[in-house]
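Every heavy atom of this structure was used, including side-chain atoms; hydrogens, water molecules and symmetry mates were not. Naming convention: chains lettered A, B, ... in sequence-line order (proteins, then strands); numbering from 1 in each chain.
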Number of protein chains: 2
Amino acid sequence: MRIGMISESLEDYLEIIYNLIDEGNIARVKDIAARKNVSMSSVTPALRRLAKEGLIKYTLRSDVELTGEGKKLAARIVDRHEFVKHFLVSLMKVPEAIAERDACIFEHYMSPETFRRLVVFFEFVDTCGMDIRDRFEQYRRNMESTGASDPCTSPDCRNTEMGSRHRRRWGQVKTLLMLKPGEKGRIARIQAPGAIRQRLIDMGVLPNVEIEMKRAAPLGDPIEIKLRGYHLSLRKEEAESIIIFPAQIEIREPDSGSGEYYG
Amino acid sequence: MRIGMISESLEDYLEIIYNLIDEGNIARVKDIAARKNVSMSSVTPALRRLAKEGLIKYTLRSDVELTGEGKKLAARIVDRHEFVKHFLVSLMKVPEAIAERDACIFEHYMSPETFRRLVVFFEFVDTCGMDIRDRFEQYRRNMESTGASDPCTSPDCRNTEMGSRHRRRWGQVKTLLMLKPGEKGRIARIQAPGAIRQRLIDMGVLPNVEIEMKRAAPLGDPIEIKLRGYHLSLRKEEAESIIIFPAQIEIREPDSGSGEYYG
DNA sequence: GCTTTAAGTTAGACGGATCTAATTAGATGC
DNA sequence: GCATCTAATTAGATCCGTCTAACTTAAAGC
Ligand SMILES: [Mn+2]
Ligand SMILES: [Mn+2]
Ligand SMILES: [Mn+2]
Ligand SMILES: [Mn+2]
């Protein structure tokens, strides 16, 4: 349990009581039980614990009231719940039901520092004038339709073998266009749809292949690269759609070399 | 506990075992206990539970090994831990130690959907060519130095009274510049430093004040607004730095009207 | 090979959070 | 005013995760 605080479970009870009252109902054991999906006989001891912490006023068989302290804590939890949910739904486009679940857990554990920064970031996104929401949505859709099936790039990739190169590295991501002449990288994904994507694949631009930036023409177009020993010329948009794995972190040799890997 | 999965505590044991082995050590009870900050006698039953789940190979008094299943689950947790931490540190600028703590909790609870989207968003930030990292950092710094003390805007504001207008609403945030002629809003913060900030404050542009956009000149500058009954003319940059509370959500009347509020 | 010591386990306890089954208190009906 | 019904509580159990204290094992010293 979080030191100096009440447990996640108790916080949820408090949140439910707050919401019930806020909605104009009275907070009865039965309704609390229903919302938390527990039996009534679990609610009674929970109320006792909350009362012991001075967060509610509880007398046997009468409806529950929040104390000043209780209101404050409950409001704080609800506040976080609503923010996180809104963040996930409106910006990250997480499905509502899932965002609801995630929010109702993060609300208990997120540090004030992280919370504050997410709030500021959220505000930044809307006020910086860069249209981040729409641009991201476009990127995401594109990614879902093109890159979702790439092995080891999907977040649910599990072919992580210990000591091998199979764990992902989370350094800053780059596009091929960002590499300096002479700089090398390993391809993570191609973030481009349809014809461009196909053309690149035909030229051998595939995940896990090593690629080297040779030079860019004065205006940044075309770009000369080296790949599997060949030299190729790419247009700027093409280079921009090739995502490179972050390479800052040293990769250790796998105990038993197994050919294909990434990292 | 998360349905069909092991508890947070067990996942942490698994993660610790993984890390110990990954670092070239052997996973001994003593070291596991030290990392998890529990007594050795707490580790033994935990190992038994992990063994029962088929995640480790455990024989009394000999060092612990991960099974294939165990490695996969552990790597998944470590993967998430590292991503979340990196996200918080490198983008949100959460202090390392705090990000570490947050990450080591979210790793257990974040839904795959949320995780996947955060990963994509992280990639988007670096590859969209909009320089989001630097711009956000500038915004954040600015906010910390100017707006951090605004009551009720700071995430740790607790003067949330139930049934009153004191809970924050998390709709999309706007700047004054984004309001259409005739549209009203309530000021949340001034996101501007130094002289500009002072000038606005002197004119009565303060948090919680209602403000109305009257009209903008053809090129967006100057802008005419109404505030406390006065008409004022602002420059574009000034209007851009005035953050307006989201107003989409209906606010209910407080039971006992108390003058100052926001929402 | 005996002794010492460190590592690991077991025994026994506790608090939190849940359950089912049994009981009690109040409100409702008539 | 008593019978009935529903809401709430209590009793008693279980599992998890932790603790301290006592014990056992095995390695290290000599
Ligand atoms: Mn919750
Ligand atoms: Mn919640
Ligand atoms: Mn953890
Ligand atoms: Mn962790």
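OP1 and OP2 of D:dC16 both lie 4.0 Å or more from every side-chain N or O belonging to B:Y13. One finds no side-chain N or O of A:Y58 lying less than 4.0 angstrom from the OP1 or OP2 phosphate oxygen of D:dA8. Close to C:dT18, at under 4.0 Å from its OP1 or OP2, lies no side-chain N or O of A:S42. The shortest distance between the side-chain N/O atoms of A:K36 and the OP1/OP2 oxygens of C:dA17 is not below 4.0 Å. Between B:T44 and C:dT9 there is a side-chain polar atom (N or O) within less than 4.0 angstrom of OP1 or OP2.
Among C:dT10, C:dA17, C:dT24, the nucleotide with an atom closest to any side-chain atom of A:L10 is C:dA17. Checking C:dT10, C:dG16, C:dC19 against the side-chain heavy atoms of B:R48 singles out C:dT10 as nearest. The listed nucleotides are D:dT10, D:dA21, D:dC16; the one nearest the side chain of B:S41 is D:dA21.
At a threshold of 4.5 Å between non-hydrogen side-chain atoms, the residues A:L73 and A:M5 do not count as touching.
Between A:E137 and A:R141 there is a salt bridge, with a side-chain nitrogen of the basic residue lying less than 4.0 Å from a carboxylate oxygen of the acidic one. Here B:E82 does not pair with B:K85 in a salt bridge; the nearest charged N to carboxylate O distance is not below 4.0 Å.
Straight-line distance from the CZ atom of B:R61 to the P atom of D:dT24: 10 Å, rounded to whole Å. Rounded to a whole Å, the CD atom of B:E53 is 9 Å from the P atom of D:dC16. Distance CG (A:D31) to P (D:dT6): 15 Å, rounded to an integer number of Å. Rounding to whole angstrom units, CZ of residue A:R49 and C1' of D:dT9 are separated by 15 Å. If you take CE of A:M40 and C1' of D:dA7, they are 5 Å apart, rounded to a whole angstrom. Between A:L47 atom CG and C:dT18 atom P there is a gap of 12 Å when expressed in whole angstrom units. In this structure, CD of A:E11 is placed 15 Å from C1' of C:dG16, rounded to the nearest angstrom. Rounded to whole angstrom, the span from the CD1 atom of A:I6 across to the C1' atom of C:dG15 amounts to 16 Å.
Close placement of the A:F106 and B:F106 rings is indicated, their centers lying within 6.0 Å of each other.
Residues B:S9 and B:S7 bring no donor and acceptor atom of their side chains to less than 3.5 Å of each other.
Side-chain N/O atoms of A:S9 and base N/O atoms of C:dT18 include no donor-acceptor pair closer than 3.5 Å. Side-chain N/O atoms of B:S39 and base N/O atoms of D:dT20 include no donor-acceptor pair closer than 3.5 Å.
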